[in-house]
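For reference, the structure discussed in these notes is given below.
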Amino acid sequence: MTRWVMVADLNRCVGCQTCTAACRHANATPPGVQWRRVLDMEFGTYPDVQRAFVPTGCQHCDDPPCAKVCPTTATRKRPDGIVTIDYDLCIGCAYCSVACPYDARSRTLKPTFAYGRPTDDEATRRNDARIGVATKCTFCVDRIDDGLASGRKPGVDPEATPACVNSCIASALAFGDIDDPESNVSTLLAENRHFRMHEELGTGPGFYYLWDRAVDDDDATPGRGDPA
Amino acid sequence: MTAAAPLQRSWDARAAANFVFGGAGAGAIVAAACAGGPGIRPPVILLGLVLVATGLALVATELGRPLRALHVFFHLGGSWMSREALAATLLVPAAIAAVFGVPGAQWVAAVLAAAFVLSQAAMLKAAYGIPAWRAPFVVALIVATALTEGSGIVLVAASWRGELSALLTVAVGALALVRAVVWLLYRRALAAIGANDARDALTGAGRFLLAAGTAVPLALAVVATSGVGESGVRIAAALAGVLAAAGGVFAKYALVTRAGFRQAYALAHLPVRGARLARGR
């Protein structure tokens, strides 16, 4: 089997937002809608403070609450773990939005453009099928499917890899098949300590965060995932 | 067309109206079937059906693609919203049959109304992105508010038609008390799971529920059952019914619109700066 996941290295991310721009460019999302976001989070109180840049978006969960609640079956999970939305089935009830613990879904009620009137690019790439329905990160599923069809390997070949991962200037984002023990993401997870957000909710996110190198730690098992 | 994207990531007053009107209407149908006399059962069931339809009509305006509304029935096996829609659809003919006095129809309508309320409660419980909605006691709260509001409507109708009974008055008072207890348990559960913003957002509505929706109706119920003259009893019972019905309105409205804080982002661990440099990586 194949299970596509994304890995974000919190030690590498510099918060440049290049991935969010690349996502916007690749997916032509309207103003205010970011399928790939990078949070700028601050922790602690002065002078003991810390800052972290946290890429986030749809976590493509093993047990997605959005798919469970969807009354139309527009939201589904593919066998490879990617959670999809059928824009022709969705009625735009926003139930999936309130069911998602990761705030990953948006619904745009009217066509909107960056400068009021559509630019040439916006006019060309306008997709009215996305108006009034739920939208979210797709892991650039079209790139993955087209890449696989042409013999490319997602996560390795840029043509078959999500745009955000391709664009990352710090190699903080990685994409691959976690069921393949030799894949890039499996290697990263084996060599680093990692966690998934809100793991206690039992959604099984397909988005891992690396936070420390585990190999030399006395008290750490390499690749151990720490429950939240 | 504007540059500002009209986004919606949460439910608003229209969705809250479905819980307010739908809960009260379905509760009224259940209460009318259980406790309504022959003179008040048809009008109360009709009113209940109108309330349910009003709630659904309002929430339908929130749909991004209303012309596809029939798609709501596509996931009966998993989605409580689909089940709510099915229960409401089946409720229409059953309630109309009950209004026209078809034998047994009021019980079918009551079962479907109960299914509608349970579906609404389960809808909130399944919304994982909102801690205040997936909190313990939320299902009991939605059910208790619906039954209390519905029985309050029946009490008002019974006062109006002169079909009051001490048992009905006591039942409304008891339901208001149960609703208050469930409300307090729910508030405690919110604190236990750390949903303090939601708890604070519900404070005002909670005070109204406990005072105007519980304490006053209880006092009026005592007055109504203590023999203060027929007109006095009817006025006290009617007021108790109105307040019992209104007590949960603000609570449910606040629950959907004010307490719907999203699950915040959280990191189980912070990145360890410099760890790799120290190891020469």
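Every value quoted in this text rests on a predicted model; they were computed, and no experiment measured them. Protein chains get the first letters and strands the later ones, always in sequence-line order, with residue 1 at the start of each.
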Practice item. Could you tell me which non-hydrogen atom of A:Asn11 sits nearest to which non-hydrogen atom of B:Val272, and how far apart they are? Key: OD1-O, 3.1 Å
Review point. Roughly how far apart are A:Cys90 SG and B:His71 NE2, rounded to 0.5 Å?
Key: 10.0 Å
Practice item. Identify which part of A:Ala67 has an atom lying under 4.5 Å from any heavy atom of chain B, answering side chain, backbone, both or neither. Key: backbone
Point to revise | Closest non-hydrogen atom pair between A:Gln50 and B:Pro271, with its separation | key: NE2-O, 2.6 Å
Practice item. Counting only heavy atoms closer than 4.5 Å, note whether B:Leu70 contacts chain A via side chain, backbone, both or neither. Key: neither
Practice item. Mind listing the closest non-hydrogen atom pair of A:Val133 and B:Arg65 along with its distance? Key: CG1-CG, 3.7 Å
Point to revise | Test item: B:Leu270 and A:Trp211 side chains (from C-beta on) under 4.5 Å apart, heavy atoms | key: no
Practice item. For atom CG of A:Asp40, decide whether the heavy atoms of other residues, nucleotides or ligands shown that lie under 6.0 angstrom number more than 12. Key: yes
Revision key, fill the gap. Output for pair (B:His75 NE2, A:Thr75 OG1), nearest 0.5 Å, gives 10.0 Å
Exercise for review: Report, as yes or no, whether the 6.0 Å neighbourhood of atom CZ on A:Arg130 holds more than 12 heavy atoms from other residues, nucleotides or ligands.
Suggested key: yes
Review point. Checking B:Ser82 side chain against A:Pro71 main chain: does a donor-acceptor pair fall under 3.5 Å?
Key: yes
Revision key, fill the gap. Distance col, row B:Arg68:CZ vs A:Leu89:CG, nearest 0.5 angstrom, shows 8.0 Å
Point to revise | Per-residue contact mode, B:Ala264 against chain A (heavy atom under 4.5 angstrom) | key: backbone
Exercise for review: Go through the atoms of A:Cys93 and report whether side chain, backbone, both or neither lie under 4.5 Å from a heavy atom of chain B.
Suggested key: both
Check your understanding: With respect to chain B, which residue among A:Pro65, A:Ala134, A:Ala99 yields the maximal number of heavy-atom pairs within a distance under 4.5 Å?
Key -> A:Ala99
Point to revise | Heavy atoms from other residues, nucleotides or ligands near CZ of B:Arg207 exceed 12 (cutoff 6.0 Å) | key: no
**Study point:** Segment of A:Leu39 engaging chain B (4.5 angstrom heavy-atom cut-off)
**Key:** side chain
**Study point:** A:Val54 portion near chain B, given a 4.5 angstrom heavy-atom threshold
**Key:** side chain
Check your understanding: Around atom CZ of A:Arg125, are there more than 12 heavy atoms of other residues, nucleotides or ligands at under 6.0 Å?
Key -> yes
Let me check something: any side-chain donor-acceptor pairs from residues 120-140 of chain B under 3.5 Å, sequence neighbours excluded? List them with distances.
residue: B:Gln120; atom: NE2; partner: B:Asn18; partner atom: O; Å: 3.0
residue: B:Gln120; atom: NE2; partner: B:Glu84; partner atom: OE2; Å: 3.1
residue: B:Lys125; atom: NZ; partner: B:Arg134; partner atom: O; Å: 3.0
residue: B:Lys125; atom: NZ; partner: B:Ala135; partner atom: O; Å: 3.2
residue: B:Trp133; atom: NE1; partner: B:Leu255; partner atom: O; Å: 2.8
residue: B:Arg134; atom: NH1; partner: B:Tyr128; partner atom: O; Å: 2.4
residue: B:Arg134; atom: NH1; partner: B:Gln263; partner atom: OE1; Å: 2.8
residue: B:Arg134; atom: NH2; partner: B:Gln263; partner atom: OE1; Å: 2.6

Review point. Is the number of heavy atoms from other residues, nucleotides or ligands under 6.0 Å of A:Asp120 CG greater than 12?
Key: no
Exercise for review: Go through B:Tyr265 and A:Asp103 one step at a time and tell me if the side-chain contact (heavy atoms from CB on, under 4.5 Å) criterion holds.
Suggested key: CA-CA 9 Å; B:Tyr265 296 107; A:Asp103 204 7; 3.5 Å; yes
Study note, to complete from the structure: Of all heavy-atom pairs linking B:Leu267 and A:Met197, the shortest is CD2-CE, 4.2 Å
Point to revise | Contacting region of A:Tyr95 [heavy-atom separation from chain B under 4.5 Å] | key: both
